[in-house]
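Values below: all heavy atoms of this structure, side chains included; hydrogens, waters and symmetry mates excluded. In what follows, chains carry the letters A, B, and so on, assigned in the order in which the sequence lines appear, proteins first and then strands, with residues in each chain numbered from 1.
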Number of protein chains: 2
Amino acid sequence: MSDHESHAAPVDPVLSPGQLETYFVFTEAADLLQHQIERQLRTDGGLSTVQFQILGRLSGAEGGRLTMTQLADLVVYSRSGLTYQVGLLEKSGLVNRGPSPDDERSTLVAVTDRGRALFGRILPDHAQRVYDMLFDPLSDEDVDSLREVMTRVRDHVRALPPRSAAPRRRRADPGPQG
Amino acid sequence: MSDHESHAAPVDPVLSPGQLETYFVFTEAADLLQHQIERQLRTDGGLSTVQFQILGRLSGAEGGRLTMTQLADLVVYSRSGLTYQVGLLEKSGLVNRGPSPDDERSTLVAVTDRGRALFGRILPDHAQRVYDMLFDPLSDEDVDSLREVMTRVRDHVRALPPRSAAPRRRRADPGPQG
DNA sequence: AAGATGTGCTTCGAATTCGAAGCATGACTC
DNA sequence: GAGTCATGCTTCGAATTCGAAGCACATCTT
C-alpha cells in the first residue's frame, strides 16, 4: 500500500450511487421492454422491431419515402443492417426501392399500400401492448417528465462528437498543432 | 371487411399523442445509448455489453457467483445466448463454471480474479462515458425522477404475466374443448 | 419407488448483425 | 476539366443471436 495520497486521492466515483442505480434500472427496463416488444411484433405481425420502425417512419414521412441514410439514422441502425432489412421488406412487397432524382447515389425507399395497410393493422395491438407495459404504471406527470428528460438526453447524445467516428479519413486535418 | 361499425366506435387511440411521442423518444434515446456503450466497451476493454454486465453482476453478487438462470434473468438475455457468452468469458479466463452443490442440474458461474481486475479497470472509463452521455444534461432532480419512474416500469414489466410463455407444454392441459 | 411432469443447461440450425472493403456518384480545387 | 476527397449504398465475412430440441437431474403422484 504505497498510496501516500499523492495528487489523486480517494478517486471520486464518476457516478454517484444514485446515478449508478439509475443507469442500471434504466438499462434493465429498456432491455425488458425491448425484448417484449420484439416478441409481440414477431408474433402479431411477423415483423421485427426494426422492420416495424421502418414502416412507421416511412408512413409518417413526407411523400412516404426517405433515403437509406435518413432511415438508418432515424431508426438507429447500421447501414449494412438496414440494407438487409429493407431487402426483406421489399421481397415481401411492403416497400419499394428506387433511384433518387436529386442524387444519383441515393436510394429512395417508399412504403407500398400493402406496407401501410400492414402497419395500420398492427399498430393498435402494438400500442395496447406498449400501454400495458410502459404507461399503465405511470401518471400523466410521470409521462411528461419522462418525455422531457429523454428528449434532452436524445438531443444531447445526437449532438455529441462521434467518439471514434473517423472511419473515413477526414479532410486535411490541421492536426493537434496545426 | 364487413365492419358495419358494430360495438367499437371511433376507436380511441390507445396512446395519447404525448404518450406516443414519449415512447418514440424513449426508444430512440435508449437505442442511441446502447450503441454508443457497445462501441465504447468494445474499444476500451474488448468486451461486449453483455459480457460487461455479466462481470458486473457477478462482482456484485454474494460470493461472486450465480447460476446461469439467475444471470440470464439479471442481464435480460436468452439462456442459449448466455451459454455462448459465458463460454467466451471462460475461454478468456474471466469466469469459471462449476457444478452446484445444491442442485446437480445447475451450473455456478464465478468471476475470477482476472475478471474482477478487468471489470475494475474498465469501470471508471465506462462510468465517465455514461456520465457524458446520460447524466451530463440532467439535473439531480431529473435523475431522481428518472430512477423512480424507471424502477416502477421495471417492476411492472417483471410482474406482468409472460405473454406467450408456455414454450414447454403445460401440465395436463385440459385443452380448448376439455 | 416407478412413472410422469418440471427445471437447468447446452447443442443445433437458421437468421441477423455489424464493420470493413468495394463501387459509383458528387463536390471541390486548381 | 482532371484530380482529389467526400458521400450513399451494397457486398462480404465473421460473430452473435434466439428458439426449439435434447439431455440430465429433480420433484411430485400414486
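Judged by distance alone, with hydrogens and angles left aside, A:Ser80 brings a side-chain donor or acceptor within reach of the base of C:dG19, the pair sitting under 3.5 Å.
A side-chain donor-acceptor contact under 3.5 Å links A:Ser145 and B:Ser145. Side-chain atoms of A:Asp142 and A:Ser139 include a donor-acceptor pair closer than 3.5 Å.
Aromatic pair B:Tyr23/A:His126: ring centres closer than 6.0 Å.
Electrostatic pairing of A:Asp113 and A:Arg116 does not count as a salt bridge here, judged by no charged N lying under 4.0 Å from a carboxylate O. Salt-bridge annotation for A:Arg158 and A:Asp73: present, with a side-chain N of the basic residue lying under 4.0 Å from a carboxylate O of the acidic one.
Along DNA chain C, the nucleotide nearest A:Asp102 and the nucleotide nearest A:Ser48 are compared for position; the residue whose nucleotide lies closer to the 5' end is A:Ser48. Between A:Thr83 and A:His35, the residue anchored nearer the 5' end of DNA chain D, judged by the nucleotide with its closest heavy atom, is A:Thr83. The 5' end of DNA chain C is approached more closely, in terms of each residue's nearest nucleotide, by B:Leu82 than by the other of A:Leu82 and B:Leu82.
Rounded to whole angstrom, the span from the CD atom of A:Glu38 across to the C1' atom of D:dG19 amounts to 13 Å. Rounded to whole Å, the distance from CD on B:Gln53 to P on D:dT17 is 11 Å. Between the CG atom of A:Leu108 and the P atom of C:dT25 there is a distance of 17 Å, given to the nearest Å. We find that CG of A:Leu71 is positioned 15 Å from C1' of D:dT10, with the value rounded to whole Å. In this entry the distance linking NZ of A:Lys91 with C1' of C:dA15 reads 12 Å, nearest Å. Computed from coordinates, the A:Arg39 CZ to D:dT17 P distance equals 17 Å when rounded to whole Å. The CE-C1' distance, from A:Met68 to C:dA24, rounds to 16 Å in whole Å. Look at CZ on A:Phe52: it is 20 Å from C1' on C:dT16, rounded to the nearest Å.
Considering only the side chain of A:Arg79, D:dT10 comes nearest among D:dT10, D:dT16, C:dT10. Of the candidate nucleotides C:dT10, D:dA26, D:dT17, D:dT17 has the atom lying nearest to any side-chain atom of B:Val50. Listed candidates were C:dG19, D:dG19, D:dC9. Nearest to the side chain of A:Ser78 is C:dG19. Of the listed nucleotides (C:dT11, C:dG8, D:dT10), C:dG8 has the atom at the smallest distance from the side chain of B:Arg105. Between D:dG19, C:dG26, C:dT17, one nucleotide has an atom nearer to the side chain of A:Tyr77 than all others, and that is C:dT17.
Counting any heavy atom pair closer than 4.0 Å across all strands shown, A:Thr67 reaches sugar-phosphate atoms only and no base atom. Using a 4.0 Å heavy-atom criterion, one finds that B:Leu88 contacts the sugar-phosphate atoms exclusively.
Contact annotation: B:Gln85 side-chain N/O to D:dT17 OP1/OP2 distance is under 4.0 Å. Distances shorter than 4.0 Å separate none of the side-chain N or O atoms of A:Thr69 from OP1 or OP2 on D:dT7.
Classification of the A:Phe26-B:Phe26 ring pair by plane angle, with boundaries at 30° and 60°, yields perpendicular.
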